[in-house]
Amino acid sequence: MHYSRTFIPTIKEVPKDAMIQSHILMIRAGMIKKLSSGIYSFLPLGYRVLKKVESIIREEMERIDYNEFFLPVIIPGELWKISKRWYSMGPELFRLKDRNIQDFVLAPTHEEAFTFLLKDHIKSYKDLPLKVYHIGIKFRDEIRPRFGVMRGKTFIMKDAYSFHRESNSKSLDKTYNDMAGAYKKIFDRCGLETISVSADSGSMGGSLSEEFMVPSRVGEEEIIQCNHCGYVANREKAESRNENISYKNSGEITMASTPGTKTIEAVTRFLKVPAESLIKTLVFKIPDGKFVLALIRGDLDINETKLKNYLGVSEIEQADKKEVKAKLGIPLGFAGPIGVKSMHVVADLSVRDIKGGVTGANKKDYHYINVNTERDFTPDEYIDLRLVGEHDLCPLCGDGLSMFKGIELGHIFKLGDKYTKAFLVSYLDEDGSMKTPIMGCYGIGVERTTAAIIEQNYDEKGIIWPISVSPFHVYILPVKYSGKIQEISDMLVEQLEKSGIEVLIDDRDERPGVKFKDADLIGIPFRITIGERGLKKGAVELFERRTGNSEFIKLESIVDILKERIALEKKKYESE
RNA sequence: CGGGCUAUAGCGCAGUUUGGUAGCGCGCACGGUUCGGGACCGUGAGGUCGUGAGUUCAAAUCUCACUAGCCCGACCA
């Protein structure tokens, strides 16, 4: 293609709204343009990359026998009412009405639509397993869109769904594992280093789930990893081994005056006790307006996701001061479990063994000391509520854990029968009995993957595309597009394109410096510079963006050499 | 939703403190000199100063309200 006729609006300045490299470079290279917060248009160069990522995904989906569909983005609200997500999803779900005042949603994901679509076609165990997917636009009214295309209000997702016989969970296991394998290949082929971590399944429902992450400073996920045995999990999900802290048996429980000590730190300082002997007490509010008391050892924090899952609610928030005081009569900062009757009390496992502990007395400026769990109070339940941190112990091997950040590119779930049950999907099994199929679902964020590729492949000059997703294979840079140089450039373009190589020729009437800068910024893997300097020797310059290597190649062999190099480079990103 | 910041030409910014009718760099157009790493000189086009109201003889500048965007926290591919 000719640069002069292609819309590639590169810019020199760093856009003020962009904070991370992938966002900055996508804008600077003329790949995307913002329409509104979290809503971006893809320009020709960006779209070419997007399509390449999509086709890698397609190839790997086909390879494991998934059928490609294309579903609408606007879905009757009725379907979402059947799955109950109309009620549970909250404001991130875009809702609208048609002229007949019927409810609709702009689909944030397609479990409902696919389940409804396939319901009529799953009648026999012979119809299973059924594996489907599509690549389409999704809508989520994100609380805070961020980092350009990394978290948008609309985004392209590859979402796949599988349906299986309920009695044969091995079928789901296999499909799930196949998908994990396909994801690994997809990301490898995009030139990405990913890791898979076990994750919380959130509002999707279902049991097991795994996320595919790219480690990155700008990631929004926190990943916990064992330095020893390979345990990896999303922090939301991560568990840890309880340390054995030896508590001494204490004397009688006593109420002590602790004026103004509202924080853990203040209490430990005032009473001269370690944080481990405190019983931290937090009041949470759940959607039905009820309050829950959550306890954890003073030096630890509550993992709200774990608490939400335990309570079976989609949202919780820490109750605010005034409300707690008004409705429960408890001064926040001095809350404690002792004597609490009106609220459900859950305790983290770390609380169970505390003896000689300290906790709020539900009275302003007073704490109880010498508190023994079980002797002085009994929570309704002990569960794991702990927010695992960097210095905790691996739940598997007891070794140390570390934490780093990552970008979540894909997520795979074993869904169970949440949707098939709600939609009354049933099939006749071999023995003539009526059964409900179980499901798996599997997503990849396409733009986010594209952004992550840049995040892992750039330098101070611009993007460095892996050839598998590069908008073009070769950038031809005629130092001056006229006379002999023009003739040779045109000839090269023709020959290369004839062999299926994608070429961008910079035929603009610009000074060479401008062309070099743009070529570096756009980041196409190979560049051929054609100028007097080389032609004197009957050669052109072949430059490799990633290594910075450059060499002069005889004109007559450049096409063959390029073909060879490109084939070699492509091979690195091929399946298997 | 809470906290912080911003809004002036296509992009990046100055001007706001101390009110006097808008400027710089890049980009764009034209002419010339240049031409293998974002050239130089000259000329020129381009602005409801985010929106609305108020104060004032006079508002980009002061006041109030609103809107949008960005960053930090709770959601997600």
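Protein chains get the first letters and strands the later ones, always in sequence-line order, with residue 1 at the start of each. Please read these numbers as outputs of a predicted model, since none were measured by experiment.
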Practice problem: May I have the distance from A:L535 (atom CG) to B:G36 (atom P), rounded to whole angstrom? | Solution: 13 Å
Quiz item: Are A:K306 and A:D348 within salt-bridge range, i.e. N to O under 4.0 Å?
Solution: no
Quiz item: Is there a Watson-Crick or G-U wobble partner for B:A68 with both distances under 3.5 Å, and which nucleotide is it?
Solution: B:U6
Practice problem: Enter the distance from A:D159:CG to A:I135:CD1 here, rounded to the nearest 0.5 Å. | Solution: 9.0 Å
Quiz item: When all nucleic acid strands are considered with a 4.0 Å heavy-atom cut-off, which category describes A:K34: base, sugar-phosphate, or nothing?
Solution: sugar-phosphate
Quiz item: Rounded to whole angstrom units, what separation is found between the NZ atom of A:K33 and the C1' atom of B:G10?
Solution: 7 Å
Quiz item: Base, sugar-phosphate alone, or nothing: which one does A:S36 contact when heavy atoms must sit under 4.0 Å apart?
Solution: sugar-phosphate
Quiz item: Can a salt bridge be assigned to the pair A:E59 and A:R189 using a cut-off of 4.0 Å between side-chain N and carboxylate O?
Solution: yes
Quiz item: Who pairs with A:D17 by side chain to side chain contact (heavy atoms under 4.5 Å, CB included), at least two apart in sequence or on another chain?
Solution: A:K34
Quiz item: B:C76 P sits how many Å from A:R146 CZ, rounded?
Solution: 14 Å
Exercise. Using atom CD1 of A:I39 as one end and atom P of B:A68 as the other, report the distance to the nearest whole Å.
Key: 12 Å
Self-check item: Donor/acceptor link under 3.5 angstrom from A:E92 side chain onto base of B:C76
Solution: no
Exercise. Please step through side chain to side chain donor-acceptor pair (under 3.5 Å) for the pair A:Y481 and A:D490, ending with a clear verdict.
Key: CA-CA 10 Å; A:Y481 190 64; A:D490 289 348; 2.7 Å; yes
Self-check item: hbond_proxy A:E13 side chain to B:G27 base (donor-acceptor, 3.5 Å cutoff)
Solution: no
Quiz item: Roughly, in whole Å, what's the span from CD in A:E236 to C1' in B:A77?
Solution: 13 Å
Quiz item: Got a donor-acceptor pair under 3.5 Å from the side chain of A:R28 to the base of B:G38?
Solution: yes
Exercise. Would you kindly give the CD1-to-P distance between A:I412 and B:C76, to the nearest whole Å?
Key: 18 Å
Practice problem: Report yes if a donor N or O on one partner sits less than 3.5 Å from an acceptor N or O on the other, where the partners are the side chain of A:R144 and the base of B:C76; otherwise report no. | Solution: no
Exercise. Would you mind classifying the nucleic acid contact of A:E304 as base, sugar-phosphate or nothing, using non-hydrogen atoms under 4.0 angstrom?
Key: nothing
Exercise. Give A:G531 one of three labels, base, sugar-phosphate or nothing, depending on what nucleic acid heavy atoms sit under 4.0 Å from its own.
Key: base
Self-check item: Rounded distance (Å) that lies between atom P of B:C30 and atom CG of A:D509
Solution: 11 Å
Self-check item: Donor-acceptor pair under 3.5 Å, A:R151 side chain vs B:C76 base
Solution: yes
Practice problem: Decide, applying a 5.5 Å centre-distance limit and a 30° plane-angle limit (both strict), whether A:F155 stacks on B:A77. | Solution: yes
